[in-house]
Amino acid sequence: MHKVDSQFADPLPLDFYNRDSVTVARELLGKVLVRLTPQGLCAGRIVETEAYLAKNDAASHAYRGRTNRNAAIFGPPGRAYVFSIHQVFCVNAVTEPAGTTSAVLIRAIEPLAGIELMAKRRGHVRSYDLTRGPGKLCQATAIDLQLDGWDLTRGSRLWIADHPDARGVTISNSPRIGLGKAKDPLLRFFITGNQYVSKSRAGVAASE
DNA sequence: AAAACGATCTACT
DNA sequence: GTAGATCGTTTTG
């Protein structure tokens, strides 16, 4: 088995996720998404997130009730919610206590480790396209439906850790992506100026 | 059983 | 900046 690089070894604890989605979405920026497979370890710094709220959030997958697909977001925090759409997968971190339906979508990461492996999975694309986008980062790190409901606090297969060189990040936010979402509150968060943040959707409201 | 719907991506101009 | 591909999941008849 591959030895986990000690700088990424400690998963964020349950308490980190057991808070409201907006707080978790903001604080996930700068953290490191870690994926361990038999092929090796991949890791990337989270640079873009999007919060989905428990109640009155028509954009949430849980808004119209529980189904087989969205069961994970009705469960406890600190788990992954993975779904497929348009031939790709997207990954969320479930937040707030079990029974609520909040989550944070991971929209982009900046590659830190296992870059060769990620590039192999993605095929030949320009470097900044490697993990810029929720579907792309899942392809690069081999996240699929097998990880739906996975416990992110276990520190195996898939987890999130502190950045080894913790430093302040400058955060901005902007409306959600997608049609009809323009009037939504500012629930998409990203690290200002990072090349792996979605282009053409630059932030509107600086904060922090 | 059929139809509709995207928390997307790529390839254009 | 936008059109079109594409398919698993959900909803409807």
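Note that this is a predicted model, so its numbers are computed, not measured. In what follows, every heavy atom counts, from backbone to side chain, and hydrogens, waters and symmetry copies are set aside. Quick note on labels: first sequence line is chain A, next is B, and so on, each numbered from 1.
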Give A/Arg122 one of three labels, base, sugar-phosphate or nothing, depending on what nucleic acid heavy atoms sit under 4.0 Å from its own. sugar-phosphate
Length of the line joining [X]:[atom1] and [N]:[atom2], which is rounded to integer Å:
X        : N     : atom1 : atom2 : result
A/Gln87  : C/dG4 : CD    : C1'   : 12 Å
A/Gln139 : C/dT6 : CD    : P     : 16 Å
A/Gln146 : C/dG8 : CD    : C1'   : 16 Å
A/His61  : B/dC5 : NE2   : C1'   : 10 Å
A/Glu48  : B/dT8 : CD    : P     : 10 Å
A/Phe83  : C/dC7 : CZ    : P     : 17 Å
A/Ile85  : B/dA7 : CD1   : P     : 5 Å
A/His86  : B/dA7 : NE2   : P     : 8 Å

Looking at residues at least two apart in the chain, or sitting in another chain, which of them share a salt bridge (Lys or Arg N to Asp or Glu O under 4.0 Å) with A/Arg69? none
Could you tell me which residues satisfy salt bridge (Lys or Arg N to Asp or Glu O under 4.0 Å) with A/Arg154, sequence neighbours excluded, listed by chain and number? none
Residue among A/Thr153, A/Leu12, A/Leu36 satisfying side chain to side chain contact (heavy atoms under 4.5 Å, CB included) with A/Trp159: A/Leu36
Hydrophobic clusters here meaning ILVMFWY residues chained together by side-chain heavy-atom distances under 4.5 Å, can you tell me if A/Trp150 and A/Leu33 are in one? yes
State whether the side chain of A/Arg35 and the backbone N or O of A/Ala142 hold a donor-acceptor pair below 3.5 Å, judged by distance alone. yes
How would you list, by chain and number, every residue that makes a ring-ring contact (aromatic ring centres under 6.0 Å, His included) with A/Phe16, sequence neighbours excluded? none
Does the structure show A/Tyr52 stacking with B/dA7, if we require the centres to be closer than 5.5 Å and the planes to be within less than 30 degrees of parallel? yes
By side chain to side chain contact (heavy atoms under 4.5 Å, CB included), which residues pair with A/Phe74, not counting sequence neighbours? A/Ala62, A/Arg66, A/Asn70, A/Thr101
Over-ring placement of A/Arg176 relative to A/Tyr52, 6.0 Å and 45° cut-offs: yes
Dot-bracket assigned to DNA chain C with the 3.5 Å Watson-Crick/G-U criterion, [ ] for crossing and | for other-strand pairs, is |||||.||||||.
Spacing of CZ belonging to A/Phe189 relative to CD1 belonging to A/Ile46, to within rounding of 0.5 Å: 14.0 Å
All N/O contacts under 3.5 Å from nucleotides 9-13 of chain C to the protein, with atom names and distances to one decimal?
residue	atom	partner	partner atom	Å
C/dT10	OP1	A/Thr67	OG1	2.4
C/dT10	OP1	A/Arg69	N	2.7

Is A/Arg107 close enough to B/dT8 that one of its side-chain N or O atoms is under 4.0 Å from OP1 or OP2 there? yes
